[in-house]
*Asks:* 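Here it is, the structure in full.
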Protein chains: 2
Amino acid sequence: MANPTIKDVAKAANVSIATVSLVIHNHKRISMETKQKVLDAITALNYHPSRSARGLVSRKTGNIGFILTHDHFLRTEPFYTQIFMGTEFEARENELYVLLTTIDSNFHEGDSLPRFILERNVDGMIIAGKVPSLLIDKLSNYNIPIVFVDYSPSNKKVSIVAVDNLHGGMLATQHLVELGHKKIAFIGGDIEHPSINDRFNGYKLALEKASMSLNERLINTEEDYPARINGYNAAKKIFSINKDISAVFACNDAMAVGVIQYLKDIGKQIPNDISVIGFDDVVSENSVNPPLSTIRVPKMEMGVEAMRLISSLVKDHKKIHKKILVNVELVVRQSTKKL
Amino acid sequence: MANPTIKDVAKAANVSIATVSLVIHNHKRISMETKQKVLDAITALNYHPSRSARGLVSRKTGNIGFILTHDHFLRTEPFYTQIFMGTEFEARENELYVLLTTIDSNFHEGDSLPRFILERNVDGMIIAGKVPSLLIDKLSNYNIPIVFVDYSPSNKKVSIVAVDNLHGGMLATQHLVELGHKKIAFIGGDIEHPSINDRFNGYKLALEKASMSLNERLINTEEDYPARINGYNAAKKIFSINKDISAVFACNDAMAVGVIQYLKDIGKQIPNDISVIGFDDVVSENSVNPPLSTIRVPKMEMGVEAMRLISSLVKDHKKIHKKILVNVELVVRQSTKKL
DNA sequence: TGCGGTTAGTTAAACGTTTAACCAAATATG
DNA sequence: CATATTTGGTTAAACGTTTAACTAACCGCA
């Protein structure tokens with residue numbers, strides 16, 4: 001049959017539609033006998049309940065909204081794309097679908113919210129990356145569970161899947177320290193961003209542990225946002241006032257690539273003259289020369305975790321807030337070297 | 001009000017719910033007066049029709065399915081990702097959402113179809129890239145419009161958004177010819193794939209136009225699929241039997257990168273010793289050295305076109321088949337040089 | 001005046017599920 | 001043996017829309 005409904009199944013199995021529904025939901029009050037009869041009819045007709053009808057009465061759509069800014073979606077490095085892919089995979093496991101939407105990074109009063117919220121077309125939402133706090137406020141008014149990924153508003157109790165940035169910052173810095181570097185620069189953009197700030201804190205902590213003093217002149221966190229071009233510019237600034245830097249910890253891979261580009265431009269060899277380490281692990285191994293040492297962030301896994309979390313929040317209907325911290329890992333390639 | 005329904009609006013505007021619905025659909029039989037009254041109530045209550053309820057009666061879900069193979073989704077080059085992004089953007093314009101799902105590249109009899117098909121949760125679908133023909137057959141049984149992107153089963157009349165691969169193949173080859181190259185190799189994988197085959201035909205056509213003879217020894221199309229590693233291997237084979245090749249046209253960027261890597265390994269300089277051109281334009285400008293000359297495929301635009309097409313097919317309910325050929329463009333960077 | 005036509009709106013059925021409330025038959029209990 | 005309880009199901013209302021069929025009011029015209 002083209003598109004069988006529950007009625008067709010009921011007729012075929014010679015029971016009421018309620019019985020069919022109860023069988024589908026594994027209700028206990030059905031005898032094994034009838035259950036099997038119904039199940040057979042279901043497979044025979046290749047019946048699948050209609051999402052729309054289900055959604056209407058059960059108030060569950062089976063959809064999860066995925067919100068990120070326009071900018072993040074368009075980024076060339078596949079950071080958020082990978083997270084999105086993780087959510088997609090896990091969504092299948094949970095019989096859910098992901099509705100992706102992008103929003104403007106400057107969201108104003110009066111701007112309309114994602115349509116899937118307004119039309120009650122999602123059971124929960126995942127917000128990936130930094131988004132305007134006004135948007136978060138607006139979204140919180142709807143009674144829909146939210147899971148943040150890689151960013152959360154600092155003031156509130158929320159569910160979040162976050163990277164252990166502090167530890168990552170320490171790992172990167174310690175790696176350079178262990179290679180014997182004494183003058184280690186830190187290059188970051190948008191230090192207001194909690195993630196970047198934590199990476200910076202990791203840097204400071206690692207230096208402290210190694211009994212190395214913090215040198216303001218080795219630090220540049222003035223760039224707007226952590227993109228390649230800003231890594232280039234930051235490197236230019238910092239190297240023009242310091243001639244003796246031997247290693248750079250850039251707050252992410254994009255900036256690290258910019259740093260490397262600048263250093264090549266002024267004739268430096270990497271890693272022979274200067275060691276450079278990044279963060280995120282988003283540039284593929286043979287796309288930059290030398291291959292970049294970095295801190296690997298398990299992007300897919302973050303998406304998976306976020307989907308698991310939102311899925312459980314939706315199902316259990318509990319208002320608990322859970323924080324999941326994903327581990328990072330030092331990946332030593334060829335952009336860092338013993339001094 | 002938390003989640004106003006059409007009833008609430010009707011009450012507020014002091015009309016029947018039918019009237020509200022008619023206003024929403026811009027039905028002519030409503031006076032300007034009442035229309036305004038209803039519209040006011042709608043904005044006052046911030047009312048938006050429920051997708052589930054709409055879907056149930058109108059048999060339109062407002063969703064479009066996006067199907068691609070697991071492999072393609074996981075590819076590091078953002079080819080299909082970009083197409084997907086294009087569909088997302090255009091979806092917003094058409095008040096649609098995209099439900100993405102991946103399928104196994106070897107689909108067997110008995111494997112279950114994407115859930116969104118079974119649950120009637122999409123109005124149409126976009127199939128991106130090469131997928132098993134058995135799957136296509138199965139999907140065709142459902143009465144849901146399909147638009148193919150970048151691949152279509154050769155035997156059938158279908159709607160498709162395709163790349164002008166033939167022209168692209170000619171452009172790439174002509175570019176090398178114009179630079180004075182005489183011995184131009186072609187490296188391709190999976191020559192059964194219509195796209196790759198067309199690129200190859202473009203190569204042949206361009207040579208013919210330039211009155212250059214086709215040399216079988218300059219051609220390698222034996223690799224399974226067009227990935228970097230296979231580009232490397234193909235280059236190895238072809239250069240071991242030809243010492244005088246001065247230029248290579250690789251059927252896509254991934255293979256071109258592999259070719260470059262091999263050439264570097266055997267000590268060749270690019271483009272001084274050998275010119276290399278790719279196809280697709282998926283490797284970012286500074287991720288390979290030297291930056292790769294290539295044929296640009298407008299990936300986003302393809303997604304946009306595909307969504308436009310499926311959207312119109314869904315709306316007009318016509319069974320027409322339309323083919324959209326998107327233009328390609330020669331992008332000269334630094335991997336090709338005058339002989 | 002009476003009738004057909006138009007205009008502007010309402011009524012009610014339908015879409016395909018879920019689930020609380022109900023019920024009949026079988027079984028257990030005192 | 002009469003009654004309470006359990007078992008295994010059914011009935012019917014509800015979810016929030018859309019839309020065909022209907023109707024009431026008004027208008028124009030012979």
Side-chain angles (χ1 to χ4, degrees), chain A residues 1-39 41-42 45-63 95 115-116 118-121 123 315 317, chain B residues 1-39 41-42 45-63 95 115-116 118-121 123 315 317:
Chain A
M1 188 172 311
N3 265 331
T5 71
I6 198 170
K7 262 189 199 163
D8 301 315
V9 176
K11 198 173 293 174
N14 202 23
V15 295
S16 72
I17 62 165
T19 303
V20 176
S21 181
L22 293 176
V23 168
I24 291 171
H25 291 87
N26 237 316
H27 197 283
K28 43 192 167 250
R29 280 246 190 117
I30 303 289
S31 70
M32 280 306 277
E33 213 177 357
T34 4
K35 187 170 171 177
Q36 197 51 55
K37 205 169 53 177
V38 171
L39 252 24
I42 287 178
L45 294 174
N46 191 25
Y47 165 75
H48 294 264
S50 138
R51 260 262 93 89
S52 295
R54 277 197 155 170
L56 185 54
V57 37
S58 71
R59 288 145 182 298
K60 287 270 169 288
T61 63
N63 299 329
E95 308 241 298
R115 204 162 41 80
F116 56 53
L118 301 173
E119 295 179 344
R120 280 142 290 161
N121 202 13
D123 303 334
K315 271 178 196 141
H317 235 259
Chain B
M1 188 172 311
N3 265 332
T5 73
I6 199 171
K7 263 189 199 164
D8 301 316
V9 176
K11 199 173 292 176
N14 202 22
V15 295
S16 72
I17 63 165
T19 303
V20 176
S21 181
L22 293 175
V23 167
I24 290 170
H25 291 87
N26 238 315
H27 198 282
K28 42 195 168 249
R29 281 249 190 112
I30 302 289
S31 70
M32 281 305 277
E33 215 177 356
T34 356
K35 187 171 173 177
Q36 197 52 55
K37 207 169 52 175
V38 171
L39 253 25
I42 286 177
L45 294 174
N46 191 27
Y47 165 74
H48 294 262
S50 139
R51 261 258 93 89
S52 295
R54 277 196 155 172
L56 185 53
V57 39
S58 71
R59 288 147 180 297
K60 287 270 169 288
T61 63
N63 299 330
E95 308 240 299
R115 204 162 40 82
F116 55 55
L118 302 173
E119 296 178 342
R120 279 143 290 164
N121 202 12
D123 303 335
K315 270 177 196 142
H317 235 260

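These values consider heavy atoms only, across backbone and side chains, with no hydrogens, waters or symmetry-generated copies. To find a chain, count down the sequence lines: A is the first, B the second, and so on, and within it residues start at 1.
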*Asks:* Respond yes when some side-chain nitrogen or oxygen of S16(B) is under 4.0 Å from OP1 or OP2 of dT10(C), and no when none is.
*Replies:*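 For S16(B), the contact criterion (side-chain N or O under 4.0 Å from OP1 or OP2 of dT10(C)) is met.
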*Asks:* Is the phosphate of dG16(C), meaning OP1 or OP2, less than 4.0 Å from a side-chain N or O of S50(A)?
*Replies:*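 S50(A) to dG16(C) OP1/OP2: no side-chain N or O under 4.0 Å.
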*Asks:* Find the distance N121(B):CG to dT17(C):P and express it as a whole number of Å.
*Replies:*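 For the pair N121(B) CG and dT17(C) P, the rounded distance is 13 Å.
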*Asks:* Whether R59(B) contacts dT18(D) is assessed here as follows: a side-chain N or O lying under 4.0 Å from the phosphate OP1 or OP2. Is that the case?
*Replies:*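 Checking dT18(D) against R59(B), no side-chain N or O comes under 4.0 Å of OP1 or OP2.
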*Asks:* Quickly work out the L22(A) CG to dG16(C) P distance and round it to whole Å.
*Replies:*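 Atom CG in L22(A) sits about 19 Å away from atom P in dG16(C).
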*Asks:* Do R120(A) side-chain atoms and T61(A) backbone N/O form a donor-acceptor pair below 3.5 Å?
*Replies:*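 Answer holds: no.
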*Asks:* Going from CD1 on I42(B) to NZ on K37(B), what distance comes out if it is rounded to the nearest 0.5 angstrom?
*Replies:*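 I42(B) CD1 to K37(B) NZ: 13.0 Å, rounded to 0.5 Å.
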*Asks:* CG of L56(A) versus C1' of dA14(C): gap in Å, rounded?
*Replies:*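 To the nearest whole Å, that distance equals 12 Å.
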*Asks:* Please tell me if R29(A) has a side-chain N or O lying less than 4.0 Å from either OP1 or OP2 of dT10(D).
*Replies:*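 For R29(A), the contact criterion (side-chain N or O under 4.0 Å from OP1 or OP2 of dT10(D)) is not met.
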*Asks:* In whole Å, I'd like the distance from the NZ atom of K28(A) to the P atom of dT19(C).
*Replies:*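 The distance from NZ of K28(A) to P of dT19(C) comes to 13 Å, rounded to the nearest Å.
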*Asks:* Using heavy-atom distances to pick each residue's nearest nucleotide on DNA chain C, tell me which of M32(B) and R120(B) is more 5'.
*Replies:*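 On the 5' side of the pair lies M32(B).
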*Asks:* If I take atom CD1 in residue I6(B) and atom P in nucleotide dT11(C), what distance separates them, rounded to the nearest angstrom?
*Replies:*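 Spelled out: CD1 on I6(B) to P on dT11(C) is 14 Å.
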*Asks:* As a test of reading the structure: which of dT11(C), dA14(C), dA8(C) is closest to the side chain of A18(B), going by heavy atoms?
*Replies:*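 Comparing dT11(C), dA14(C), dA8(C) against the side chain of A18(B), the answer is dT11(C).
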*Asks:* Return the value, rounded to whole Å, for the distance between atom CZ of R54(A) and atom P of dT18(C).
*Replies:*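 Taking atom P of dT18(C) as the reference, CZ of R54(A) is at 5 Å.
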*Asks:* Taking atom CD1 of I17(B) and atom OG1 of T5(B), what is their separation to the nearest 0.5 Å?
*Replies:*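 Reported value, rounded in 0.5 Å steps: 8.5 Å.
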*Asks:* Map E33(B) and T19(A) onto DNA chain C by nearest heavy atom, then report which one ends up closer to the 5' terminus.
*Replies:*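 Final value for this comparison: E33(B).
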*Asks:* Within a radius of less than 6.0 Å around NZ of K60(A), do more than 12 heavy atoms belonging to other residues, nucleotides or ligands occur?
*Replies:*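 Result for NZ/K60(A): enclosed.
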*Asks:* K7(B) side chain: which of dC15(D), dT17(C), dG9(D) is closest?
*Replies:*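 My answer, after comparing the listed nucleotides, is dC15(D).
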*Asks:* Under 4.0 Å between a side-chain N/O of H27(A) and OP1 or OP2 of dT19(C), yes or no?
*Replies:*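 Looking at the OP1 and OP2 atoms of dT19(C), neither is under 4.0 Å from any side-chain N or O of H27(A).
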*Asks:* Hey, does the side chain of S52(A) come within less than 4.0 Å of dT17(C)'s phosphate (OP1/OP2), counting only N and O?
*Replies:*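 It does not, given that no N or O in the side chain of S52(A) lies less than 4.0 Å from OP1 or OP2 of dT17(C).
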*Asks:* Which value, rounded to the nearest 0.5 Å, describes the distance between R115(A) atom CZ and R51(B) atom CZ?
*Replies:*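 The CZ atom of R115(A) sits 6.0 Å away from the CZ atom of R51(B).
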*Asks:* For the helix from dT1(C)-dA30(D) to dG30(C)-dC1(D), how many degrees between its two end axes (five pairs per end), to the nearest 10°?
*Replies:*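 Both end axes considered, the difference amounts to 60°.
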*Asks:* So, OP1 or OP2 of dG8(D): does either fall under 4.0 Å of a side-chain N or O from S31(A)?
*Replies:*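 So the side-chain polar atoms of S31(A) never come under 4.0 Å of the phosphate oxygens OP1 or OP2 of dG8(D).
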*Asks:* Keeping H27(B) on the side-chain end and R29(B) on the backbone end, is there a donor-acceptor pair under 3.5 Å?
*Replies:*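 Answer holds: yes.
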*Asks:* Using atom CD1 of I30(A) as one end and atom C1' of dG8(D) as the other, report the distance to the nearest whole Å.
*Replies:*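 Spelled out: CD1 on I30(A) to C1' on dG8(D) is 7 Å.
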*Asks:* Measuring from N121(B):CG to N63(A):CG, what's the distance to the nearest 0.5 Å?
*Replies:*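 The CG atom of N121(B) sits 6.0 Å away from the CG atom of N63(A).
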*Asks:* Considering residues, nucleotides and ligands other than K11(B), do more than 12 of their heavy atoms fall under 6.0 Å from its NZ?
*Replies:*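 12 or below, so no.
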*Asks:* In whole Å, I'd like the distance from the CZ atom of R51(A) to the C1' atom of dT17(C).
*Replies:*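 Whole-Å distance recorded here is 11 Å.
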